[in-house]
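Right, one structure below, let's go through it.
Note: hydrogens, waters and symmetry copies are ignored here, and every other heavy atom, side chains too, is used.
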Amino acid sequence: MTKPFGRRVSTFTAASAVPEIPIVRHEREPSLSDDIEFEIKGSEMQFVEIELDPGESAVAEAGAMMFKPSSVSMETVFGDGSHAQENAGLFDKMVGAGKRLITGESLFTTVFTHDGHGKARVAFASPYPGHIIPLRLDEHDNKIVCQKDAFLCAAKGVSIGVEFQRNIMTGLFGGEGFIMQKLEGDGWVFVHAGGTVIEKTLDHGDVLDVDTGCIVALSQSIQYDIVRAGSVKSMVFGGEGFFFAQLRGPGKVWLQSLPFGRLAGRVAATLQPGSLQTGGESSVFSLVSNLSR
C-alpha cells in the first residue's frame with residue numbers, strides 16, 4: 001500500500017479543461033525547531049520547493065537546482081555540507097568528499113542559504129521520470145540507507161556517508177554493489193526514485209523478495225541479503241536475473257517500479273545500427289549507453 005507523504009492538493013479548471021500541477025505539501029510545525037516547509041509538485045517529472053527562513057540553508061546534489069530567488073546565495077563545498085564538515089579540518093573534508101566519490105557522486109555539494117528578509121523558496125528537480133520521497137530522519141532512527149544515486153537534497157545538517165555491505169555475496173550481486181549511501185541526522189531528506197514508488201512496512205519475521213534494482217531505500221533495521229532466483233532454468237531463462245534481494249523485517253523499505261538502469265538498457269537495446277537516420281545514430285546511442293553504465 002502506498003503511503004501518502006503529505007497533504008495532496010489537486011484542482012481542476014473547467015474553463016481550460018487542463019488539471020493544475022498536483023502538489024504534496026508539508027507545513028512547518030512550530031513545535032519542531034528543525035522542521036521545514038516544502039511542496040513536491042508534478043506527477044512524473046517532479047520537483048520540490050523548500051521554504052527557507054533568513055539564515056536557513058539547504059544542501060543539494062550539484063546540478064539539481066531548478067530555480068532560486070536572488071536573496072538565496074549558492075556555495076559549492078567539499079563533501080556534504082553538514083555541520084560536522086564545516087568544523088572539520090582539510091583532511092577530514094577530503095575524506096568526506098572522497099566518500100561521495102566512492103558512491104559515484106560528485107566531490108562537491110551545493111549549499112543554498114537565504115541571506116535576505118522574510119521567506120524564500122528554492123526548488124530542486126528530479127534528474128529523470130519518477131517521484132521524490134520526503135523522509136524525516138528522526139522518524140527512522142536517524143538513519144536511512146539508500147541506493148547510491150537516490151539522494152536529491154536535504155535540510156542542511158544531514159550527513160551523507162557510505163554504507164558498506166557486510167555480506168560479500170550481497171556486495172557482489174546486490175544490484176547496487178558493495179557500496180550504498182547512508183543519510184544520517186534528524187531533519188528532512190529528499191530522495192528520488194524511478195517510476196511509481198511504494199512504501200512497505202515489514203514486521204518481525206516478514207520476508208520480501210525484491211528485484212535488486214527496485215530498492216530505493218531501507219530503514220537501518222532491515223536485514224538485506226541475496227538469494228538465488230529459483231532453479232537454474234529460472235535463473236537462465238526467467239529474465240529476472242540470477243539473484244533476488246531478500247529483505248527481512250522489522251522495518252520499512254521503499255521500492256521503485258522503474259530503475260533508471262532498466263529504462264536506459266531497454267532504450268539502448270532498441271538503438272541497433274540502421275534503426276536511426278544517419279548522422280544522429282552514433283551520438284544518441286553513445287549518450288544512452290553512457291547513461292546506462
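The nearest pair of heavy atoms linking L52 to H114 is O-CD2, 3.3 Å. Scanning both residues, I132 and Q46, for their nearest heavy atoms gives N-OE1, 2.7 Å. Across D35 and E56, no two heavy atoms sit closer than the pair O-OE2, 4.3 Å. Minimum heavy-atom separation, L152 to A125: CD1-O, 3.4 Å. The two atoms that bring K68 and V122 nearest to each other are CB-CG2, 3.8 Å, heavy atoms only. A pairwise comparison of heavy atoms in G185 and N142 identifies O-ND2, 2.9 Å as the closest pair.
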Test side chain to side chain contact (heavy atoms under 4.5 Å, CB included) applied to Y128 and H192, step by step = CA-CA 9 Å; Y128 54 89; H192 180 261; 3.5 Å; yes
Between L255 and I215, does a side chain to side chain contact (heavy atoms under 4.5 Å, CB included) hold up when you go through it step by step?
-> CA-CA 5 Å; L255 307 175; I215 297 174; 4.3 Å; yes
Run the salt bridge (charged side-chain N to carboxylate O under 4.0 Å, His left out) check on D206 and K200 step by step: do they pass?
-> CA-CA 11 Å; D206 287 350; K200 298 186 74 68; over 6 Å; no
Please walk me through it: do H140 and W188 pass ring-ring contact (aromatic ring centres under 6.0 Å, His included)?
-> CA-CA 11 Å; H140 303 284; W188 285 96; 9.3 Å; no
Check the pair Q246 / D225 against side chain to side chain donor-acceptor pair (under 3.5 Å), numbers first and verdict last.
-> CA-CA 5 Å; Q246 189 170 84; D225 206 349; over 6 Å; no
Applying side chain to side chain contact (heavy atoms under 4.5 Å, CB included), run through L183 and F151 and close with a yes or a no.
-> CA-CA 9 Å; L183 307 175; F151 174 74; 4.0 Å; yes
Step by step, would you call E49 with F38 a side chain to side chain contact (heavy atoms under 4.5 Å, CB included)?
-> CA-CA 5 Å; E49 284 187 38; F38 63 84; over 6 Å; no
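Within 6.0 Å of CD on E139 lie more than 12 heavy atoms contributed by other residues, nucleotides or ligands.
Using a 4.0 Å cut-off between a side-chain N of Lys or Arg and a carboxylate O of Asp or Glu, R25 and E37 do not qualify as a salt bridge. Taking the charged nitrogens against the carboxylate oxygens, K143 and E163 do have a contact shorter than 4.0 Å, which makes a salt bridge. Checked for salt-bridge contact, D186 and R136 miss the test: no charged N lies under 4.0 Å from a carboxylate O.
Of the possible donor and acceptor atoms, one in the side chain of S219 sits under 3.5 Å from a partner among the backbone N and O of K252. Of the possible donor and acceptor atoms, one in the side chain of Q256 sits under 3.5 Å from a partner among the backbone N and O of G194. Using a distance-only test at 3.5 Å, with no hydrogens or angles considered, a donor-acceptor pair links the side chain of Q220 to the main chain of D141. Listed for the S257 side chain is a donor-acceptor partner under 3.5 Å among the backbone atoms of T196. Put simply, the side chain of S221 gets close to the backbone of P250: a donor and an acceptor are under 3.5 Å apart.
The hydrophobic clustering, which links ILVMFWY residues whose side-chain heavy atoms are closer than 4.5 Å, places M74 and F190 together.
Atom NE2 of H131 sits about 6.0 Å away from atom CD of E44, to the nearest 0.5 Å. With rounding to the nearest 0.5 angstrom, the CZ atom of F67 is 5.5 Å from the CZ atom of F47. Residue Q181 holds its CD atom at 8.0 Å from CG of D149, rounded to the nearest 0.5 Å. To the nearest 0.5 Å, the span separating OG on S159 from CG on L137 amounts to 10.0 Å. To the nearest 0.5 Å, the span separating OG1 on T109 from NZ on K156 amounts to 9.0 Å. Separating the OG1 atom in T212 from the CZ atom in F244 is a distance of 9.5 Å, to the nearest 0.5 Å.
Under the rule for a salt bridge (charged side-chain N to carboxylate O under 4.0 Å, His left out), D115 has no partner lying at least two apart in sequence or in another chain. Taking D53 as the reference, R28, K119 meet the side-chain hydrogen bond (donor to acceptor under 3.5 Å, both in side chains) condition, with sequence neighbours excluded.
Within the 4.5 Å cutoff, side-chain heavy atoms of V191 are placed close to those of L135. Looking at heavy atoms from C-beta onward, L247 lies in side-chain contact with L202 at the 4.5 angstrom threshold.
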